[in-house]
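First comes the structure, then the notes that go with it.
Because the structure is a prediction, the values reported are computed rather than measured.
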Amino acid sequence: MLIRPWVDGDAGAVTALLDTAADPLWAAQGHRLHGPDRDGARRRRTLIATEADRVVGAVTVARNEIHPGRLSCGVEVAAGHRRRGIGRALIQAALATRPDPLPLVGKVRVRDASAMALGRAVGASTYQRCPDPTVDPTDNRLAQWIHAQAAPSDVDVRGLAGEAPDVLARAFADLYLWVHERWSRVGSRAALAQIAAATVAEADLGLSAGGWAEGRLAAVVFAFDDGESIQLVAETLRRDTPDGIALLAATVAATLDRARSRSIGAVSFDGHDDDPHLAPVLASLPIVSADPLLLLEIG
């Protein structure tokens with residue numbers, strides 16, 4: 001096996017590494033890391049593994065403007081070539097060529113046996129866990145949960161359709177900032193503002209909802225269609241929001257009620273085990289399945 005830098009003409013062979021049944025999250029984030037060298041704030045280097053001149057694997061290390069304390073890493077090996085040490089060799093090569101002595105990080109589904117085995121082989125450690133639970137909007141238990149949620153008396157819960165895009169982008173950025181501050185602090189707020197605006201532009205505002213307390217937006221639930229289900233990003237806009245759990249529960253209930261009216265079959269939640277308001281809300285919901293995701297770091 002030979003490990004070499006990316007060269008012109010590698011794009012097609014690296015694209016072919018992606019499994020047809022790949023996790024949409026991997027396709028959208030990990031696999032898309034690969035590419036030609038790039039410098040500056042978004043520096044990227046991709047290394048290619050070949051056997052008999054055939055591309056059998058790739059690893060990419062890239063700077064992350066939003067989370068500068070770690071280096072984003074994506075590694076994949078062609079089907080039929082796994083469990084032979086190729087992924088481990090790629091990661092070791094990536095560690096040797098990283099620009100700073102920062103840990104490499106990636107996302108791995110617990111159900112992905114190959115990825116989990118690779119993580120163990122390279123001594124990866126978990127620094128965050130996303131439970132990724134799913135509820136069924138047609139479930140009568142969920143209907144009972146929705147009707148049981150009562151917003152605090154001074155709170156107005158309503159949809160986000162019609163709200164100004166800049167207000168919603170600011171809300172997403174505020175949520176993102178404090179949720180990550182204890183374990184993956186944000187670096188560039190300007191970069192976060194750009195990502196927040198682009199993310200909110202993709203939201204289904206007809207399903208999304210907000211909770212206003214004393215006339216100010218205090219909690220949001222953004223709904224996104226990932227092609228398999230509706231995914232919700234939900235939290236208060238501040239860690240110290242009064243009655244934050246009740247406020248968020250009422251806002252989540254408003255979105256789930258809209259999902260029920262559309263006969264949507266599955267709704268999942270993007271969040272973390274230690275989200276102070278979302279985690280208790282999820283614990284009270286009638287979850288029908290979960291697909292946990294681990295955030296791993298190496299080195």
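Side-chain contact between Leu256 and Leu285: present, with at least one pair of heavy atoms (C-beta onward) separated by less than 4.5 Å. For the pair Phe172/Val220, no side-chain contact is recorded, criterion being any heavy-atom separation below 4.5 Å from C-beta on. At least one side-chain heavy atom of Arg44 sits less than 4.5 Å from a side-chain heavy atom of Pro36. No side-chain heavy atom of Asp112 sits under 4.5 Å from any side-chain heavy atom of Asp23. Side-chain contact between Leu33 and Ser72: present, with at least one pair of heavy atoms (C-beta onward) separated by less than 4.5 Å. For the pair Val281 and Gln149, the minimum side-chain heavy-atom distance is 4.5 Å or more. The shortest distance between side-chain heavy atoms of Trp183 and Asp274 falls below 4.5 Å. Within the 4.5 Å cutoff, side-chain heavy atoms of Glu51 are placed close to those of Arg84.
A 6.0 Å sphere centred on CZ of Arg129 holds more than 12 heavy atoms belonging to other residues, nucleotides or ligands. Under a cut-off of 6.0 angstrom, the local environment of CZ in Arg262 is crowded, with over 12 non-hydrogen atoms contributed by other residues, nucleotides or ligands. Within 6.0 Å of CZ in Arg4 there are more than 12 heavy atoms belonging to other residues, nucleotides or ligands. Summarising the local packing, CZ of Arg189 is surrounded by 12 or fewer heavy atoms from other residues, nucleotides or ligands at distances under 6.0 Å. Within a 6.0 Å radius of CZ in Arg32, other residues, nucleotides and ligands contribute 12 heavy atoms or fewer. The number of heavy-atom neighbours closer than 6.0 Å to CZ of Arg98, taken from other residues, nucleotides and ligands shown, is above 12.
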List, one per line, each side-chain donor-acceptor pair under 3.5 Å for residues 153-169, sequence neighbours excluded.
| residue | atom | partner | partner atom | Å |
| --- | --- | --- | --- | --- |
| Asp156 | OD2 | Arg158 | NH1 | 2.4 |

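For Tyr176 and His67, the distance between ring centers is under 6.0 angstrom.
Rounding to the nearest 0.5 Å gives a distance of 6.5 Å between CG of Leu237 and CG of Leu175.
Checked by atom type, the side-chain pair Thr46/Thr60 shows a donor-acceptor distance below 3.5 Å. For the residue pair Glu76 and Trp26, a side-chain donor N or O sits within less than 3.5 Å of a side-chain acceptor on the partner.
Side-chain atoms of Thr236 do not come within 3.5 Å of backbone N or O of Ala218 as any donor-acceptor pair.
Between Leu95 and the choices Val122, Val61, Ile298, the side chain to side chain contact (heavy atoms under 4.5 Å, CB included) rule is met once, by Ile298.
Under the 4.5 Å side-chain heavy-atom criterion for Ile, Leu, Val, Met, Phe, Trp and Tyr, Leu102 and Leu104 are members of the same hydrophobic cluster.
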